[in-house]
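I have placed the structure first, in the form of structure tokens, so that the comments after it can refer back to it.
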Amino acid sequence: MASNCTRFRLVGRSYVLFVLMPEPPLAVWLGELDVWARRSHGFFDRRPVLLDLSKLPLSKPELAALIADLKARNIPVVAVEGVDSQLLDFTLPPLIHGGRPGGESDADTVAGPAETQDRPCEPTSLLLDKPVRSGQSIVFTNGDVTVLGSISSGAEVIAGGSIHIYGTLRGRALAGVSGNADARIFCAKFDAELVAIDGLYATANDTTSYLCGRPVQAWRDQDSLQMREIVSSARRRV
Amino acid sequence: MNIFRLLRRRHTAQVAHDRLRILLAHERSRTANTDLVAILRSEVLAAVAKYIPVAIDQVDVNMDRSETLSTLQIDIHIPV
Amino acid sequence: MGQVLVVTSGKGGVGKTTSAAALGAALAESGQNVVIIDFDVGLRNLDLVMGAERRVVFDLINVIQGQAKLPQALIRDKRQERLYLLPASQTRDKDALTERGVARVIDDLRATFDWVICDSPAGIERGAILAMQHADIAAIVTNPEISSVRDSDRIIGLLDAKTEKAKKGQQVVKHLLVARYDESRASSGDMLQIEDIVEILSIPLLGIIPESEQVLRASNLGSPITICNPESAPGRAYFSAAKRLNGEVIPITIPRERNRLFGRLLGGRAA
């Protein structure tokens with residue numbers, strides 16, 4: 001059926017954004033951010049982030065300066081949360097509110113081998129039967145991710161739930177990103193650049209070399225990230 | 001010291017040197033950045049086509065460059 | 001219908017062009033018709049490695065832009081009559097390489113040749129993506145060195161995401177070709193082990209090409225190693241890789257240089 005109306009459509013879509021929540025003193029926080037970014041090279045590379053200012057009240061020029069500082073670090077701020085709307089004019093990113101922890105958002109795969117679709121009624125887990133290659137980023141915030149192969153150096157898997165890797169973890173694994181502190185990371189062979197659970201992270205420099213090459217699990221115990229070799233019950237009995 | 005190996009190595013290096021010299025002389029020359037061959041071919045074809053019908057895919061163009069002389073060979077298949 | 005093989009690596013200087021020429025010549029020696037396309041617009045090298053630099057009249061860009069017909073741009077190898085070269089343009093901009101033009105050229109070549117080998121430029125930019133676009137098979141050239149392995153991993157990811165096969169939900173058949181393998185450094189423990197590279201990249205091995213001065217000699221002479229010195233260690237390694245591309249199942253070995261006559265006559269002290 002032909003129609004002369006222009007087919008103007010306004011569609012809502014939800015995305016997962018990383019949230020940066022600066023805390024005073026700002027200079028110290030920026031310094032920590034730099035340390036983080038250096039250890040995990042390329043992590044923020046033009047990845048859009050939301051700036052939550054509820055812990056750090058800023059004046060308009062201060063906010064503009066902070067956004068410029070972040071931009072200089074290749075971190076584009078796409079929206080701001082937790083400030084008075086009066087503060088933001090058209091030169092600054094828009095105010096956003098009503099965000100939920102990421103659990104209810106769509107699954108999204110960036111340049112990944114597996115296409116995921118939003119199927120809310122089905123159990124939410126993602127199975128990757130191919131290795132995750134350098135440069136690929138798999139984002140699945142609806143639940144657990146199982147990787148049958150390895151995660152290469154320079155690749156990353158970001159999951160709302162736990163991450164299970166049956167090959168070698170050489171890249172980055174970020175579990176529980178939607179605020180799930182019970183999420184865990186398991187891998188058959190550990191050689192990671194970075195592991196993170198619900199915001200707590202450890203880079204290759206932080207982890208003991210003892211774990212390297214062994215089967216490892218990582219979990220969050222209150223405010224610390226724990227890692228331990230997985231010893232199978234069969235081996236323990238020997 | 002294996003003198004034969006030394007001689008042989010020098011031998012292919014000399015070949016490489018000569019090939020490069022000829023190649024770079026041509027690439028640096030005035031004609032390198034123009035489509036001289038394409039222009040020549042189309043003008044020669046146009047001249048021939050004034051007298052005989054010629055199909056463009058019935059033309060073989062070959063080139064050989066040496067240090068002092070380049071040859072451009074245009075074979076035009078003329079229908080009987 | 002011929003098969004399209006892309007020789008790619010991500011990293012530069014690992015031996016893509018040498019491998020494309022050597023595999024192409026080896027496949028032609030086995031009686032198949034082969035064309036090798038140089039995709040490195042602006043920095044062409046394949047014509048030099050194959051010794052055809054003085055015979056280039058038209059190139060890939062001329063064909064894409066309609067200034068020459070495809071058969072006019074093909075250069076037939078003087079030593080191996082079943083081997084052809086389609087050179088890249090040295091003077092044009094790489095933007096002249098259009099997706100549609102490349103598709104047309106590859107379709108035409110596929111109809112007449114048994115093998116269409118695409119010699120990819122380094123990097124992961126447009127030229128490299130266009131070179132892999134229509135591939136059925138990929139040979140990923142890797143040196144036993146960490147940066148090369150990581151770049152190869154990245155390229156494998158792109159082969160799984162950006163090729164026509166991937167867009168149809170199929171897979172490019174991927175093979176690993178380890179080049180510049182140095183046995184003495186491997187035994188001293190200063191080089192990544194083949195098993196480690198295979199484990200990291202998790203694709204099957206097509207061949208191991210030993211580091212050899214013969215490769216440099218062949219390039220100086222402008223002749224693929226499989227034509228100029230088929231009995232050399234790298235020559236034999238490329239011949240068995242070509243056999244594997246043809247579906248033969250033969251065990252992977254690392255060929256060694258056979259004892260040279262001169263070396264023995266002079267008491268082998270040079271070695």
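Keep in mind it's a predicted model, so treat the numbers as computed, not measured. Convention: sequence-line order gives letters A, B, ...; per-chain numbering from 1.
At least one test fails for Arg184(A) against the ring of Phe186(A): distance under 6.0 Å to the centre or angle within 45° of the axis.
Interface check for chain A: of the options Val149(C), Leu201(C), Asp151(C), Ile155(C), the most heavy-atom pairs under 4.5 Å are formed by Leu201(C).
Between Glu156(A) and Arg47(A) there is a salt bridge, since at least one side-chain N of the basic residue sits less than 4.0 Å from a carboxylate O of the acidic one.
Residue contact with chain C, scored on non-hydrogen atoms closer than 4.5 Å, involves the backbone and the side chain of Ser153(A) alike. Looking at Ile203(C), the atoms closer than 4.5 Å to chain A (heavy atoms on both sides) all sit in the side chain, from C-beta outward.
Leu33(A) has its side chain within reach of Leu70(A): a pair of non-hydrogen atoms, C-beta onward, lies under 4.5 Å apart.
The 12-atom threshold is exceeded at CZ of Arg220(A), counting heavy atoms of other residues, nucleotides or ligands nearer than 6.0 Å.
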